[in-house]
Amino acid sequence: MKLFKRHNNVLPGFGITLGFTIFYLSVIVLIPLSALVFRTMGLTWGEFISTVTAPRVMASYKVTFGAALIAALINAVFGVLVAWVLVRYKFPGRKIVDALVDLPFALPTAVAGITLATIYSSNGWVGRYLEPLGIKIAFTPLGITLAMTFIGLPFVVRTVQPVIEEIEVELEEAAVCLGANRWQTLTRVIFPMLFPSILTGFALSFARGVGEYGSIIFIAGNMPMVSEITPLLIITKLEQFDYRGATAIACVMLLISFLMLLVVNLLQKWSRRYAD
Amino acid sequence: MTTPKIKLCAAEKHYSSPQGEDVIALAPVNLEIAKGEFVCLVGPSGCGKTTLINLMAGFEKTTAGTVTIDGRPVKGTDPDHIMIFQDYGLYPWRTVLGNVLFALEAKGLKKKEAVEKATEYIELVGLTKFTESFPHQLSGGMKQRVAIARALAVEPSVLFLDEPFGALDAFTRMYLQDELLRLWQEKRPTVVFVTHDLEEAVYLGGRVVLMAPGPGRVQKVIDIRLPWPRERTGDSLGKYRRELFEEFHLVHQQASGEAEYVI
């Protein structure tokens, strides 16, 4: 495609709109982020490395990104299932269930955190029955994963749901008619149609999990090396007036998040390659 | 006529409307279709032609009466009886080859064998050059040829077509009509072809089943005793066309008071 192809667009010319886009992105996204990087510059390279690779920090990356990844994977499976049920079945109370999906989204994160901690702590409603079985949720990485799963669910459901609604029934009918069984129809017809949206939902859920703070700190227990998430570590550093250390860790998080989202976006592009 | 390929005995279909009323989509129909026959179902909207073909293809179940193919009652879809839709039903993420392969894979054919067969049928519909193209890169007519190749590759004994050329322009439509006739004469499946186009029905069908709305029913069955290929503007075809149009005019008059539709 030519770069300066002329179109009769509703919005005024390419020059103005591109200019505005760059300006807007700069003010909202790029300038704050560059300030972050700039602040980190106060550290020497050696200090930077030793700050961001300290054992406690490394452990927190593992907990944060690991838990967010697992939570996003869980959501990618069960979120799709929820979306499917909401679209394909009519049952009493469907509207209520549909509204419930958004709750983790709308709830103040602190409320979510307290609720989860109350339920899953060793004397909570659910926690007290799991404790004798040797399953501890509150104050472990499991609790962090649970909280991230909770807050990430709407992202998968809400990105996949409209795609399921749009599926042309004829494509399914054609598959059945051509002799595909249910499993083949699911894996070869339904799944390829949903895959790009599942990826998007996965990426959003993952990003939300990595960035989440409020709902996690209550249930995480925040034990260094075990259940301490990176955002909490940043806050701890800030409270100790170690601004440079905090921004250094923030920079690493930024970089990892950006790389992971880039990979997901490339994957998504690849999954839609047929439409180019 | 020997034992019919498809047989409908007083097959009827009712729906219940959202208000709970019983709506007759198709009044009892008796129809026999012989093996290798080309039958066109034609009529205005609401005449039950799509319901009728869906009953035969196994997408819907009769409310009363029976539909049998090869003497066996139709209980559901069957890869031996394939339906081709107006919207092609192609998978946008699969190439032309991938689309034709779909049913062969579902059938459990070995990869090499499946590819050979798919390639053969893609050649049959004249799309060899586009084997690796994706559906969105093809024109409507080409897409429908892929759908036909995909259906034929399974070597079904019955081919159901539900207004397959309805979305195409007049020239492409005429071209594909001839293509369909050529493929039919080569492979000789039994063809049931639904259309709302009287011209198309007369040109293609060995028999034309004219249907009428309110309630959906068979109005008249006309035998077109002409060999293929037929001359579109020929006098002999003209005679049948007149007969069909006159009959249709009656249907139209009856229906104009009851149903709302556009021809």
Side-chain angles (χ1 to χ4, degrees), chain A residues 1-2 5 76 80 84 87-92 94-95 159-160 162-202 264-276, chain B residues 18 53-54 56-60 74 76-96 98-109 118 132-138 143 146-156 158-164 167:
Chain A
M1 208 171 90
K2 271 189 212 156
K5 210 163 135 188
V80 173
W84 183 266
V87 174
R88 287 300 172 97
Y89 299 98
K90 305 272 173 271
F91 52 91
R94 190 174 68 103
K95 286 245 158 59
T159 44
V160 176
V163 181
I164 298 177
E165 275 164 9
E166 299 280 301
I167 289 180
E168 288 170 56
V169 186
E170 282 197 350
L171 291 181
E172 273 175 72
E173 282 185 347
V176 174
C177 184
L178 289 165
N181 58 36
R182 290 168 84 159
W183 176 247
Q184 285 167 327
T185 308
L186 186 70
T187 54
R188 296 180 185 196
V189 179
I190 309 278
F191 184 69
M193 282 194 272
L194 299 186
F195 186 63
S197 65
I198 296 176
L199 261 183
T200 309
F202 171 82
V264 170
N265 271 338
L266 287 175
L267 257 176
Q268 179 146 46
K269 198 165 180 214
W270 171 82
S271 73
R272 289 179 190 271
R273 66 201 175 287
Y274 58 83
D276 290 334
Chain B
I53 201 170
N54 280 343
M56 289 192 270
F59 284 121
E60 289 178 47
V74 173
T77 57
D78 184 329
D80 190 42
H81 321 138
I82 293 206
M83 174 85 110
I84 293 177
F85 303 91
Q86 180 175 350
D87 299 332
Y88 325 119
L90 298 181
Y91 303 118
W93 59 90
R94 282 176 166 244
T95 59
V96 168
N99 266 286
V100 179
L101 275 176
F102 183 86
L104 300 169
E105 284 169 359
K107 222 175 162 187
L109 247 66
E132 294 303 323
S133 302
F134 286 99
H136 76 99
Q137 297 167 315
L138 306 177
K143 282 182 201 163
V146 177
I148 293 172
R150 182 174 71 176
L152 287 175
V154 198
E155 293 174 349
V158 187
L159 208 54
F160 295 108
L161 300 102
D162 189 5
E163 300 195 25

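Convention: sequence-line order gives letters A, B, ...; per-chain numbering from 1. Small disclaimer: the values here were computed from a predicted structure and weren't measured.
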Closest heavy-atom pair and its distance - [X], [Y]:
| X | Y | result |
| --- | --- | --- |
| B:A106 | A:A180 | CB-CA, 3.9 Å |
| A:C177 | B:M83 | SG-N, 3.1 Å |
| B:P79 | A:G179 | CG-CA, 3.7 Å |

Around [X], counting heavy atoms of other residues, nucleotides and ligands shown, do more than 12 lie under 6.0 Å from its [atom1]?
| X | atom1 | value |
| --- | --- | --- |
| A:K90 | NZ | yes |
| A:R88 | CZ | yes |
| A:F91 | CZ | yes |

Notebook entry, point to check: Under a 4.5 Å heavy-atom cut-off, does chain B meet the side chain of A:E173, its backbone, both or neither?
Noted result: both
Check: Any side-chain heavy atom of A:R188 within less than 4.5 Å of one from B:E105?
Finding: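 A:R188 vs B:E105: side chains touch.
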Check: Is there a side-chain contact between B:W93 and A:M193, using heavy atoms and a 4.5 Å cut-off?
Finding: yes
Check: Who passes ring pair (Phe, Tyr, Trp, His ring centres under 6.0 Å) against B:F59, sequence neighbours left out?
Finding: none
Part of [X] within contact of chain A (heavy atom distance under 4.5 Å):
| X | result |
| --- | --- |
| B:R94 | side chain |
| B:D80 | neither |
| B:L104 | neither |

Next item on the list: List in chain and number order the residues that pass side-chain contact (heavy atoms from CB on, under 4.5 Å) with A:E168, two or more places apart in sequence or in another chain; answer none if no residue qualifies.
Entry: A:L171
